[in-house]
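First the structure, in the form of structure tokens, and then the observations on it.
Values below: every heavy atom of this structure, side chains too, minus hydrogens, waters and symmetry copies. The shown structure was predicted, so the numbers you read here are calculated from the model rather than taken from an experiment.
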Amino acid sequence: MKIGWSLWLDGKGRVVRLTTQWSRKSDSRKGVVGGGERTDTYYARWGARTVVKAPPAARVATV
């Protein structure tokens, strides 16, 4: 699998954008279907007050 990423910073060195992408080739012998995905996220309002609450235990995944 190939994974790539790009990171953009503002003049103060803060992250403002992150893109990630991955792809893989098909391999019918192993039952692997080719494909990929791309994600593009933006970050803004650095320093803004934020409240983060933990989810209820029933909504937390276990590994």
Side-chain angles (χ1 to χ4, degrees):
M1 180 181 299
K2 182 178 179 180
I3 299 172
W5 57 274
S6 296
L7 190 66
W8 286 261
L9 306 175
D10 68 9
K12 294 183 177 181
R14 299 174 298 198
V15 176
V16 293
R17 183 179 179 190
L18 170 65
T19 60
T20 58
Q21 57 276 340
W22 64 267
S23 62
R24 65 176 174 212
K25 294 181 180 179
S26 296
D27 187 340
S28 59
R29 294 172 295 155
K30 295 181 180 178
V32 174
V33 177
E37 188 72 36
R38 178 181 168 90
T39 303
D40 195 350
T41 47
Y42 293 84
Y43 303 91
R45 298 188 59 199
W46 287 99
R49 183 175 288 267
T50 305
V51 176
V52 178
K53 294 182 181 179
R59 297 198 43 122
V60 176
T62 57
V63 180

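Closest of all the heavy-atom pairs between Arg17 and Tyr43 is N-CD1, 4.1 Å.
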Test side-chain contact (heavy atoms from CB on, under 4.5 Å) on Leu9 and Val15 and set out the steps. CA-CA 5 Å; Leu9 306 175; Val15 176; 3.9 Å; yes

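Between the CH2 atom of Trp22 and the OG1 atom of Thr39 there is a distance of 10.0 Å, given to the nearest 0.5 Å.
Applying the side-chain contact (heavy atoms from CB on, under 4.5 Å) test between Asp40 and each of Thr20, Thr19, Leu18 identifies Thr19 as the sole match.
Trp46 places no side-chain N or O within donor-acceptor distance of the main-chain N or O of Val16, the cut-off being under 3.5 Å. Not one N or O on the side chain of Ser23 forms a donor-acceptor pair closer than 3.5 Å with the backbone of Gly36.
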